[in-house]
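Working notes, structure below.
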Protein chains: 2
Amino acid sequence: MQAGKDASVETIHREMTAFARRARAAAARMHPRLSLVAYTLLAHMSERRDCRATDLAQAFLLDKSTVSRQIATLERLGLVERRPDPADHRVQVLLPTTAGAAVLAEATRAARRTVCGRLADWDDTDLARFAAYLTRYNDAARQQG
Amino acid sequence: MQAGKDASVETIHREMTAFARRARAAAARMHPRLSLVAYTLLAHMSERRDCRATDLAQAFLLDKSTVSRQIATLERLGLVERRPDPADHRVQVLLPTTAGAAVLAEATRAARRTVCGRLADWDDTDLARFAAYLTRYNDAARQQG
DNA sequence: CCACCCAGATGTAACCTACAAGTATGCAGG
DNA sequence: CCTGCATACTTGTAGGTTACATCTGGGTGG
């Protein structure tokens, strides 16, 4: 890999690491009622129908015990409902409750507002390209991990 | 904000959140000896001369007490040295020790290898643009937060 | 029926983090 | 000089997040 490429990769790594490090605190500010992990779990099970705990663990590189506890908390808060899968009694299908969907929507709105602020002066082409790059990068990461 | 823009912003938010959520575990895999927070702190003080604890707290949205403890741990491990600032005795200038620099370099190498794998089939233009976008986004975030 | 696999829960312990309160240093007025 | 206030950092405390090991209970193939 030659010099120009190398410099770009270095920048990408540095900036993504810096972003990741800020993300937790930033999420706490954007939506105080939902931690970053709770938010992502709720969002994931909202996007995908018939989501199971194992799916969440795999998607976010979390231990199944961690997911189990997070789900338990979300259930205690009335944000998530567990529905036993009739086809396989080991499995629980997870889905946000009405309250859960509302909290999620509210959190997403707050976060979107913040992100929007950062992207306010970007033109459409750059936004579209940035979105595509992120998707492409994450897809590669998912395949890798 | 019109439709195309809106969709891009949504994708950017979603993908960055997903990435952030995976980052901790990914970092643990890439360099098991250095947690994500320890890595970023060490990297930051390595890049910037005369780094102080307050700088780290501000850069990564961490409480000063958290930084204080992290630094204490890194010092106990012999990876960081604290040097009292002669100009202001309240301040401690932080810098990686030789061992710290070595561990950081090793961790960076491991992480860079992983990131490189994800970016292997990107051409130079896309890499350069992606790097620039990330930098631009983070700069906006730093100004905002 | 038995041996094994898989989804999820629990025990345990470590780590990360924030808020509040404390210590010590610098600085500006009186 | 002394007082008051700001700054840099530490410590007490408590809660949240996480992983590894282990357990339970349901499936599956022999």
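Protein chains get the first letters and strands the later ones, always in sequence-line order, with residue 1 at the start of each. Hydrogens, waters and symmetry mates are skipped; everything else that's a heavy atom, side chains included, is used.
Between A:Arg24 and D:dT18 there is no side-chain polar atom (N or O) within less than 4.0 angstrom of OP1 or OP2. OP1 or OP2 of D:dA8 sits under 4.0 Å from a side-chain N or O of B:Arg52. Look at A:Ser35 and you won't find any side-chain N or O under 4.0 angstrom from OP1 or OP2 of D:dG16.
For the pair A:Leu56 and A:Leu94, the minimum side-chain heavy-atom distance is below 4.5 Å.
Formation of a donor-acceptor pair under 3.5 Å by the B:Asp139 side chain with backbone atoms of B:Arg136 is not found in this model. Judged purely by atom type and a 3.5 angstrom limit, A:Ser46 has no side-chain atom pairing as donor or acceptor with the backbone of A:Leu42. With hydrogens and angles disregarded, no donor-acceptor distance shorter than 3.5 Å links the side chain of B:Asp126 to the backbone of B:Asp123. Side-chain atoms of A:Thr40 never come within 3.5 Å of backbone atoms of B:Arg21 as a donor-acceptor pair (strictly under, hydrogens ignored). B:Thr66 contributes no side-chain N or O that, together with a main-chain N or O of B:Leu62, makes up a donor-acceptor pair within less than 3.5 Å.
Ring centers of A:Trp122 and A:Phe130: under 6.0 Å apart, within the cut-off.
In terms of heavy-atom proximity, A:Ala38 sits nearest to A:Leu74 at CB-CD2, 4.2 Å.
Rounded to an integer number of Å, the gap from CG of A:Leu56 to P of D:dT18 is 12 Å. In this entry the distance linking CE of B:Met45 with P of D:dC9 reads 11 Å, nearest Å. Counting to the nearest Å, the P atom of D:dG16 and the CZ atom of A:Arg33 are 15 Å from each other.
Atom CD of A:Gln58 is surrounded by 12 or fewer heavy atoms from other residues, nucleotides or ligands within 6.0 Å. More than 12 heavy-atom neighbours from other residues, nucleotides or ligands sit within 6.0 angstrom of CD on B:Glu47.
B:Gln92 and B:Arg83 form no side-chain donor-acceptor contact under 3.5 Å, judged by distance and modelled atom types alone.
Where DNA chain C meets chain B (any atom under 4.0 Å from a heavy atom), the bounding nucleotides read 5' to 3' are C:dC16 to C:dG26.
Within residues 58-77 of chain B, the residues approached by DNA chain D to less than 4.0 Å at the level of any non-hydrogen atom are B:Lys64, B:Ser65, B:Ser68, B:Arg69, in residue-number order. DNA chain D is contacted by B:Arg90, B:Val91, B:Gln92 of residues 85-96 of chain B, taking any non-hydrogen atom closer than 4.0 Å.
Along DNA chain C, the nucleotide closest to A:Arg82 and the one closest to A:Ala25 are compared, and the more 5′ of them pairs with A:Arg82.
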